[in-house]
Amino acid sequence: MKEKTDNVTTEVKMPLADKKITVGIAGGIAAYKAADFVSFLHQQGAEVQVIMTAGAQEFVSPLLLHALSGQVVITDMFANDASLHIPHISGVDGADLFIIAPATANMMAKAAHGIADDVLSAAILAATCPILFVPAMNMHMYENIATQENMAILRQRGYHVLEAAEGRMACGTVGKGRFPESSILREAVSAILFPRQDLAGKKVLITAGPTREHIDPVRYISNHSSGKMGYALAAAARSRGAEVTLVSGPVTLPAPQGVAVVPVITAEEMYQAVLSRYEEMDIVIGAAAVADYRAQSMAEQKIKKQDAAKNSLQLNLVANPDILQTLGEAKTRQYLVGFAAETENLLANARRKLVDKKADMIVANDVSQPGIGFYSDANAVTLVTQTEEIGLPAMEKQVLAEKIWDAILAKLDK
Ligand code: C5P
């Protein structure tokens with residue numbers, strides 16, 4: 001766009017100039033809202049390629065999307081169009097961002113399970129750029145465990161999945177499932193396209209997951225930690241520019257992209273892995289649920305039932321090293337964050353841990369509340385520092401991870 005002032009012509013750069021965005025529209029009523037968003041992206045200077053499923057075309061016409069995006073819409077996997085070499089691949093080739101809006105339950109289910117039976121699901125599988133799912137559907141479909149689990153799978157694989165908004169839906173029900181407000185959508189797009197780099201130059205080490213303490217060759221002591229919080233913290237730090245090392249106990253999560261994962265099993269191994277890297281770190285977060293005790297010695301052979309006394313078996317346990325405390329005592333310049341997973345006296349215990357372990361921040365986590373903590377994708381915490389207690393309500397662990405980093409950075413800036 002050119003603007004003329006006092007005979008001087010200046011180039012005004014559009015916010016999304018040089019950005020190539022593919023928008024995949026699936027078959028939901030909110031398709032008309034996606035059309036509006038396509039128009040917005042195009043007006044902001046983005047090169048927009050629209051892909052529509054057959055269902056989407058029942059709600060809005062490809063002709064409308066052609067007009068709003070300025071480009072021919074991809075509707076057919078087998079189109080004989082010389083300009084689109086292989087439609088589902090050319091549609092995402094070179095894209096900076098792929099937005100699926102509305103992301104229907106069906107489209108997310110396909111994406112979560114690698115099904116590629118139409119042009120949009122095939123494009124999702126072929127895309128190498130960041131993908132943002134914008135769910136919108138009937139509230140019962142949204143809340144269905146299958147949909148929720150599919151969304152969780154997508155998030156775990158590093159895709160961005162927005163929460164649906166609450167309110168009245170076209171089907172007449174009131175609940176969660178509405179297409180998000182455009183301001184939320186704009187924010188999400190800008191966060192992906194222009195990620196903050198406020199952790200650039202920082203070396204970060206995060207511990208995550210449980211540890212496993214061997215009893216004999218087939219048995220161990222462990223806990224319910226899934227590792228999701230630590231992995232979310234690692235992924236968030238990486239996207240904000242940090243150099244991230246993730247010392248992880250045994251979990252089933254995929255390694256976040258660009259993060260150096262050091263796999264460990266026992267607390268002793270975690271201790272060694274962390275201590276040997278501590279010196280060079282700027283920020284360390286102990287999100288792992290480290291087993292406090294281990295068997296005094298590991299039996300070389302499987303302990304037989306008849307080896308035990310009739311009704312009980314004595315197992316001698318010895319204390320594991322407290323990694324966070326060791327780090328607190330050896331601290332030179334590092335900012336040290338610990339977690340306190342408690343079932344009672346949450347804040348008092350967190351404050352005590354802050355002092356005892358010489359940490360700079362404790363993330364206090366009430367694991368007795370249903371729906372948050374160990375098993376779930378959400379968490380509600382209080383950040384406890386020397387001077388402040390910041391309560392954060394229940395939210396997705398990925399969102400919470402960003403808030404924890406915001407709080408750490410605010411402290412580092414002081
Ligand atoms: O004392 P407690 O186990 O409740 O403290 C929890 C915090 O201490 C967490 O940040 C956890 O990662 C860390 N911790 C540790 N080494 C241990 C036990 C806990 O680093 N052996």
Side-chain angles (χ1 to χ4, degrees), residues 204-214 220-234 237 244-251 253 261-279 281 283-296 317-331 334-369 372-374 379 381-386 392 397 400-401 404-405 407-408 411:
V204 166
L205 185 144
I206 297 164
T207 68
T211 64
R212 230 176 238 181
E213 312 301 326
H214 306 294
Y220 57 80
I221 301 169
S222 192
N223 58 64
H224 295 305
S225 172
S226 64
K228 284 179 187 167
M229 192 66 242
Y231 274 59
L233 283 162
V244 185
T245 305
L246 179 61
V247 178
S248 175
V251 296
L253 302 172
V261 180
V262 181
V264 297
I265 305 284
T266 66
E268 182 60 34
E269 285 169 18
M270 186 173 276
Y271 179 82
Q272 299 298 343
V274 172
L275 262 284
S276 63
R277 293 169 175 83
Y278 189 41
E279 183 61 40
M281 295 298 159
I283 306 169
V284 177
I285 305 184
V290 187
D292 289 326
Y293 296 94
R294 64 173 184 274
Q296 189 169 30
L317 300 180
V318 293
N320 270 326
D322 190 314
I323 304 169
L324 197 63
Q325 190 154 1
T326 311
L327 299 182
E329 274 150 21
K331 190 161 70 176
Q334 295 88 347
Y335 193 86
L336 192 56
V337 182
F339 272 67
E342 302 290 344
T343 54
E344 55 183 358
N345 303 330
L346 178 66
L347 290 182
N349 279 321
R351 277 191 290 265
R352 190 176 42 75
K353 264 172 215 177
L354 188 74
V355 176
D356 288 353
K357 303 199 184 209
K358 297 187 173 65
D360 298 290
M361 180 185 287
I362 292 286
V363 182
N365 190 180
D366 183 350
V367 286
S368 68
Q369 283 188 49
I372 59 166
F374 274 147
N379 209 355
V381 302
T382 304
L383 307 182
V384 180
T385 67
Q386 293 277 4
L392 298 173
K397 285 178 176 171
L400 183 60
I404 293 173
W405 281 117
I408 294 171
K411 291 286 169 194

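Atoms within each ligand, like the ligands themselves, are counted from 1 in listed order. Counting begins at 1 with the first residue of the sequence.
Listed here is the closest heavy atom pair of Leu253 and Ser226: CD1-O, 3.6 Å.
By the neighbour-count criterion of 12 heavy atoms within 6.0 Å, atom CD of Glu329 is densely surrounded, having more than that number from other residues, nucleotides or ligands. Around OH of Tyr220, the count of heavy atoms belonging to other residues, nucleotides or ligands within 6.0 Å does not exceed 12.
Near Pro321, meaning under 4.0 Å from any of its heavy atoms, are these atoms of ligand 1: 16 (N), 17 (C), 21 (N). Counting atoms of ligand 1 from 1 in the listed order, those under 4.0 Å from a heavy atom of Ala288 are 11 (C), 12 (O). Within ligand 1, the atoms closer than 4.0 Å to a non-hydrogen atom of Gly338 are 10 (O), numbered from 1 in the order shown. For ligand 1 and Ile323, the ligand atoms under 4.0 Å from any heavy atom of the residue are 15 (C), 16 (N), 17 (C), 20 (O).
Regarding atom 7 (C) of ligand 1, its nearest protein heavy-atom neighbour is Phe339 O, 3.0 Å. Counting only heavy atoms of the protein, atom 10 (O) of ligand 1 lies nearest to Gly286 O, 2.6 Å. For atom 1 (O) of ligand 1, the nearest protein heavy atom (residue, atom name, distance) is Lys357 NZ, 2.8 Å. Annotation: atom 3 (O) of ligand 1 to nearest protein heavy atom, Asp292 OD1, 3.8 Å.
Gln272 meets the side-chain contact (heavy atoms from CB on, under 4.5 Å) test with Glu268; sequence neighbours excluded.
Side-chain contact, Asp366 with Ser368: a donor N or O sits under 3.5 Å from an acceptor N or O.
Looking at ligand 1, you won't find any N or O of Ala287 less than 3.5 Å from one of its N or O atoms. Residue Leu324 has at least one N or O atom closer than 3.5 Å to an N or O atom of ligand 1.
Residue contacts with ligand 1 for Lys353 involve side-chain atoms from C-beta outward but no N, CA, C or O (heavy atoms, distance under 4.0 Å).
The shortest distance between side-chain heavy atoms of Trp405 and Leu233 falls below 4.5 Å.
Between Lys357 and Asp322, at least one side-chain nitrogen of the basic residue sits less than 4.0 Å from a carboxylate oxygen of the acidic one, meeting the salt-bridge criterion. A salt bridge links Lys353 to Glu342: one of the charged nitrogens lies within less than 4.0 Å of a carboxylate oxygen.
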